[in-house]
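This report concerns only the one structure given below.
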Amino acid sequence: MTSVEVSTGANDGDSEPGGYAAARLRLLTEKGRSGPPRRAALSELTDGWLATLFAGAAEGSGVGGAALVAVGGYGRGELSPRSDLDLLLLHDGRADAGALALLADRIWYPVWDLGLALDHSVRTPAQARKTAGEDLKVQLGLLDARHVAGDLALTTALRTTVLADWRNTAPRRLPELDELCRERAQRQGELQYLLEGDLKEARGGLRDATALRAVAASWLADAPREGLAEARRRLLDVRDALHLCTGRATDRLALQEQDAVAAELGLLDADVMLRQVSESARVISYAGDVTWREVGRVLRARSARPRLRQLFGGRPGGPERTPLAEGVVEQDGEVGLALAARPEKDPVLVLRAAAAAAEAGLPISLHAVRHLASTAKPLPTPWPAEARDRLVSLLGAGESTVPVWEALEAEGLITALLPDWERVRCRPQRNAVHTWTVDRHLVETAVRASHLTRRVHRPDLLLVAALLHDIGKGWPGDHAVAGETIARDVATRIGFDTADVAVIATLVRHHLLLIETATRRDLDDPVTVRSVADAVGSTGTLELLHALTEADALATGPAAWSSWRGSLVADLVKRAAAVLAGKPVDREPAAVTAEQERLAVEAHRTGGPVLALRARTDGSDEHEPLGVELLVAVPDQPGVLPVTAGVLALHRLTVRAADLRAVELPDPVGGSVLLLDWRVAAAYGSLPQAARLRADLVRALEGSLDIAARLAEREAAYPRRRGAQAPPARVTVAPSASRHATVIEVRAQDVPGLLHRIGHALESAGVRVRSAHVSTLGSNAVDAFYVTDARGAALDAGEAARLTGQLESALGEVPGPA
């Protein structure tokens with residue numbers, strides 16, 4: 001269907017904006033057309049309207065020798081619903097300035113009157129060439145110049161000269177374009193992994209696709225064509241849907257818009273849409289990697305050739321080929337196949353070449369990967385020992401593993417080696433804590449684990465478990481349970497013996513055990529430590545699980561690991577190792593530091609709260625997301641947890657982690673003091689003084705400061721903006737977690753005052769909080785409370801059920817996310 005077919009009257013194509021606006025609206029709301037046909041129709045409709053505007057303006061101003069030229073995305077005929085109109089008013093320089101200004105105004109103002117974004121300029125061909133020579137972005141836009149109206153010869157001449165200029169200056173300008181792409185990627189991140197990526201600016205987005213077109217136009221190098229046009233089309237389709245859903249010219253795929261965008265595209269859900277975005281961005285990113293390497297190779301060859309001719313007086317020989325492994329060579333900065341290599345007879349060659357490339361820190365050539373993909377013989381089951389060893393070498397190469405793995409994955413070789421990989425490939429993780437898609441997270445975990453191999457006796461098992469620990473996320477149900485079965489099958493297929501298969505399966509099944517136990521359980525409770533020891537089974541497996549836990553957390557994102565969490569996990573591992581070594585486990589009070597003892601004694605002596613703020617000033621831990629440590633000692637009394645949490649909320653302190661426990665003071669002092677160890681950060685502004693915190697805490701404990709009322713007043717005065725609706729809070733009882741208390745787990749959206757509400761609900765229910773273990777992961781609070789009845793005994797099943805119901809009711813009143 002053409003733009004004529006969406007027209008409804010004689011005015012639709014004339015200079016009246018109402019006719020164009022009506023036809024444009026019908027086109028954008030027409031359900032039967034989307035994607036490239038709609039973008040082309042919108043461009044054609046806009047061309048006709050602007051051509052009419054130009055004709056009237058040229059006649060009214062008396063200007064001849066002028067043309068209206070579309071550049072950039074409009075020049076490519078790719079108008080999205082809210083795209084800018086990029087226009088160049090080209091003239092031959094003979095008209096006076098006043099007439100030119102009148103011509104331009106009669107075109108620009110109708111566009112502005114419709115509320116359309118306009119990027120415009122008025123130039124002669126010489127001025128356009130000069131500006132393009134000075135501004136790379138202008139030059140890129142002119143490469144897509146397309147005639148809309150006026151003097152066609154002017155447009156044709158400009159296109160010819162601009163393209164010639166680009167080809168003549170490409171050796172100088174392509175490195176500049178490469179640097180622009182790198183800087184943009186550094187700012188915007190990689191679209192294939194981002195939960196809320198910018199479809200245009202992020203690496204692998206539409207800007208990179210345009211850059212690849214510019215490289216091809218230079219005739220210096222070209223991108224791999226397979227799948228590139230389809231990837232670009234998908235990203236444009238998603239951007240169209242995003243514009244229609246938001247009514248704004250936005251390219252950022254925000255979380256709250258994703259369900260609506262998926263529905264607009266007719267997809268099952270947002271996960272399907274995100275996976276398509278990731279796959280498309282991956283194609284463009286990989287094409288960019290290959291293309292920019294080729295550009296560098298060509299430019300180096302051009303630079304070296306005159307010098308070599310001068311030295312040797314003739315043509316230089318071919319590039320040197322350096323052997324790296326059997327059938328694998330390095331040539332011109334890339335890893336390729338030896339001339340005698342026979343992939344169809346050597347099934348290990350894929351992994352041998354990949355491992356050699358990663359260990360050498362070199363990319364594997366596009367030709368080599370494609371040749372392997374088309375001719376390599378499948379590995380037998382189980383794999384030969386060399387194949388297993390080469391896989392471990394690939395995984396253990398560190399950061400250089402990633403580009404080699406991505407090259408294999410781009411050509412389908414990873415799925416051929418590990419069929420279960422297909423279910424996690426490009427799978428999004430709709431959780432702000434996670435930096436990567438599932439597949440990249442698995443590779444990133446192996447990269448992190450490669451730095452920990454000196455800590456374990458079996459680095460091969462650590463690296464393979466790191467690669468497989470989340471493999472179950474492609475299946476329904478608990479991903480650790482599903483992953484255990486898959487890991488057992490994969491480990492058997494790649495040739496591990498029965499004992500090693502069992503260890504890998506255990507690591508995958510329990511890869512969250514240490515971090516969850518350390519941050520959500522009372523490590524002084526013998527049941528806690530015994531349960532970990534029983535699940536792990538041996539000190540060797542515990543050693544591996546410790547390293548895997550750290551690698552997994554570091555690969556997840558900065559919110560998942562800190563020196564504090566690391567110390568908790570290390571403490572748990574030490575205790576579990578003692579159990580596995582046969583040492584008795586008794587409940588002993590945790591060691592109290594000198595500072596904690598001093599605060600506890602002072603609190604007992606004064607009968608009031610004592611505080612100490614300790615800021616981290618050394619900056620030595622790049623993974624520590626916490627602000628300062630706040631120690632609070634208070635004589636044992638009801639209401640300490642909700643009161644303290646409420647005071648922190650009043651002072652706009654965000655609680656990242658917390659631990660509450662009772663400390664029995666030694667004789668002759670005697671008595672019980674509650675010790676609260678908080679990790680807090682200022683939501684904004686600077687941290688309050690400890691004296692102010694203590695004063696408010698004293699008032700709150702005395703009852704003269706109504707925390708709930710103050711928090712409600714602030715909420716009413718400064719209501720938070722509503723974002724995507726968070727799932728409701730979930731409160732559960734952890735079965736068999738302790739013989740001495742009932743463990744209540746709370747998972748909820750982290751909002752100001754949340755811990756105050758939880759503590760208040762627990763106090764209102766008449767239970768005693770024996771210890772609390774609070775942690776925050778991104779926007780999610782994951783808390784555990786060890787509670788007893790008034791007599792100090794664990795709750796019975798009925799009491800525990802009533803308590804969880806009361807907590808869920810109380811948390812249902814918590815405001816939504818900011």
Between Glu808 and Gln806, is any pair of side-chain heavy atoms under 4.5 Å apart?
no

Contacts satisfying ring-ring contact (aromatic ring centres under 6.0 Å, His included) that involve residues 465-484 (not counting sequence neighbours) are His441-His469, His469-His511, His479-His511

Only one of Asp696, Leu697, Val643 passes side-chain contact (heavy atoms from CB on, under 4.5 Å) with Leu705, and that residue is Asp696

Residues at least two apart in sequence or cross-chain that pass ring pair (Phe, Tyr, Trp, His ring centres under 6.0 Å) with His546, listed by chain then number, are none

Q.
Is any side-chain heavy atom of Leu693 closer than 4.5 Å to one of Val647?
A. yes

Taking the side chain as everything from C-beta on, heavy atoms only, tell me whether Leu650 gets closer than 4.5 Å to Leu711. yes

Sorted by chain and residue number, the salt bridge (Lys or Arg N to Asp or Glu O under 4.0 Å) partners of Glu516 (sequence neighbours excluded) come out as Arg520

Sorted by chain and residue number, the ring pair (Phe, Tyr, Trp, His ring centres under 6.0 Å) partners of His760 (sequence neighbours excluded) come out as none

*Are the side chains of Thr539 and Glu543 in touch, meaning some heavy atoms are under 4.5 Å apart?*
no

By ring pair (Phe, Tyr, Trp, His ring centres under 6.0 Å), Phe785 pairs with (sequence neighbours left out) none

Across all chains, not counting sequence neighbours, the salt bridge (Lys or Arg N to Asp or Glu O under 4.0 Å) partners of Glu602 are Arg605

**Distance-only side-chain donor-acceptor flag, Ser738 / Asp525, under 3.5 Å** = yes

Side chains of Arg252 and Gln188: any donor to acceptor distance under 3.5 Å? yes

- With a 4.5 Å limit on heavy-atom distance, are the side chains of Leu611 and Pro609 in contact? yes

Of all heavy-atom pairs linking Leu523 and Val529, the shortest is O-CG2, 3.7 Å

